[in-house]
Amino acid sequence: MPELPEIEVTRRGIAPLLTGRVISGVAVREPRLRWRVPDAVLGLAGLAIRGVRRRGKYLLLDCSDGHLILHLGMSGSLRVIASETPPQKHDHFDLVVGERTLRLRDPRRFGAVLWTAERVEAHPLLVGLGLEPLSRALNGRRLHALTRAHQSPIKQVLMDGRRIVGVGNIYASESLFRAGIHPRTPARRLSLERCAKLAAAIKDTLRDAIRAGGSSLRNFVNSDGRPGYFQNRTRVYDRAGAPCRRCGTAIRRILQGQRSTFYCPRCQR
DNA sequence: CTCGCCACCTGGGGGC
DNA sequence: TGCCCCCAGGTGGCGA
């Protein structure tokens, strides 16, 4: 389920329950995630959790002696539950904090649980990541600059984590609709003005999605913690053939880099 | 460097 | 019911 808004909603949900607490136990039921869960993770009991940060789609649990790096892949979710709750199928990893447990469920196992004792920003998976879209670093000028070398379609550049992090398949389509830009436009052909519009559209799209997901935060401690776009009406994503909410024209679906893209042929040029 | 494509996995839905 | 095919929100890694 996770793009940046889902990860951020998750972070906000789990942070208050973990920050300042001491890890009392760890369970690894299935170590074969995207990368094998390192044995070091089994020895984390006794460490204090100092904070929970997000970098792109990675969640970083800053501990007293290193950093736990979590990624939810395509199908992962995290929940804080009562520690005695029996695990279900696909519940691969637990971080026990007294009477509460942070539990990772990930049917497809594209997610990751990693540990580093070094500076986490220098971790190989994080070191090459691009701009945080909700930070001031992303603006029209920066977007214009970082698209200059790319002949490829803007949709695919938006999803390239080495340029901008956190914009996945759904929100790439949604952002381009808001900006009125055709997803096949070669990135380098976008004017500064259109880049400014797109940068603003990305921020608006992600912020709205976080706000929509945030309304389910209160459920995070219990069973039904599904945040995100289930309650978020998309404007184009997964709406092929349905009328554009702005002009009524049928939404189209195309393939770009083996992924579905949705757009309005009239509103997006 | 960029680009295009494959791979990793499981499950759900539709057609027959 | 069962089987088979297609699709799915991510992203590292490969060769060109």
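All values below come from the heavy atoms of this structure, side chains included, with hydrogens, waters and symmetry mates left out. Just so it is clear: chains get the letters A, B, ... in the order the sequence lines come, proteins before strands, and each one is counted from 1.
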Give A:Arg162 one of three labels, base, sugar-phosphate or nothing, depending on what nucleic acid heavy atoms sit under 4.0 Å from its own.
nothing
Any idea which of B:dT10, C:dA8, C:dT11 is nearest the A:Arg109 side chain?
B:dT10
Whole angstrom is fine here: how far is it from CG in A:Leu33 over to C1' in B:dT10?
13 Å
Sugar-phosphate, base or nothing in reach of A:Arg259, heavy atoms under 4.0 Å
base
Whole angstroms only, please: what is the NZ-C1' distance between A:Lys155 and C:dT11?
14 Å
Per atom distances to the A:Arg108 side chain, the nearest of B:dC3, B:dC6, B:dT10 is B:dT10
Can you tell me the distance, in whole Å, between the CZ atom of A:Phe262 and the P atom of C:dC7?
11 Å
d(CD, A:Gln256; P, B:dG4) in whole Å:
11 Å
Exam field: side chain A:Thr10 to backbone A:Glu6, donor-acceptor pair closer than 3.5 Å
yes
Would you mind telling me which of C:dG10, B:dC3, B:dG11 lies closest to the side-chain atoms of A:Met74?
C:dG10
Output yes when at least one side-chain N/O atom of A:Tyr58 is less than 4.0 Å from OP1 or OP2 of C:dG12, else no.
yes
Check whether any side-chain nitrogen or oxygen of A:Arg32 sits under 4.0 Å from OP1 or OP2 of B:dT10, and answer yes or no.
no
Six-ring centre of A:Phe177, A:Arg246 cation under 6.0 angstrom, axis tolerance 45°:
yes
Starting at CZ of A:Arg188 and ending at P of B:dT2, how long is that distance when rounded to a whole Å?
12 Å
Side chain of A:Arg163 only, heavy atoms from C-beta on: which candidate in C:dG10, B:dG11, B:dC1 is closest?
B:dC1
Residue met sooner reading DNA chain B from 5', once A:Arg34 and A:His90 are mapped to nucleotides:
A:Arg34
Nearest to the A:Lys89 side chain among B:dC5, C:dG12, B:dG11, which nucleotide is it?
B:dG11
Given B:dG4, C:dG12, B:dC6, the nucleotide with the shortest approach to the side chain of A:Ser152:
B:dG4
Is the backbone N or O of A:Arg189 less than 3.5 Å from a side-chain atom of A:Arg148, with the two atoms forming a donor-acceptor pair by type?
no
Interatomic distance where CG belongs to A:Leu59 and C1' belongs to C:dG10 [whole Å]
14 Å
For B:dG4, does OP1 or OP2 lie under 4.0 Å from any side-chain N or O of A:Gln258?
no
Face-to-face stacking of A:Phe110 with B:dC8, centres under 5.5 angstrom, angle under 30°
yes
Of all the nucleotides listed (B:dC3, C:dA8, B:dC5), which has the minimum atom distance to the side chain of A:His150?
B:dC3
Could you check which nucleotide pairs with C:dT11 in any of the strands shown, counting Watson-Crick or G-U wobble with both distances under 3.5 Å?
B:dA7
Taking atom P of B:dC9 as reference, at what distance in whole Å does atom CG of A:Asp106 sit?
12 Å
Examine A:Leu60 and A:Trp115 and state if one hydrophobic cluster contains both, with Ile, Leu, Val, Met, Phe, Trp and Tyr joined whenever side-chain heavy atoms are less than 4.5 Å apart.
no
Using modelled atom types and a 3.5 Å cut-off, is there a donor and acceptor pairing between side-chain atoms of A:Glu8 and backbone atoms of A:Arg54?
no
Whole-Å gap separating C1' (C:dG10) and CD1 (A:Ile69):
16 Å
Would you mind classifying the nucleic acid contact of A:Gly168 as base, sugar-phosphate or nothing, using non-hydrogen atoms under 4.0 angstrom?
sugar-phosphate
Are more than 12 heavy atoms from other residues, nucleotides or ligands located less than 6.0 Å from atom CD of A:Glu99?
yes
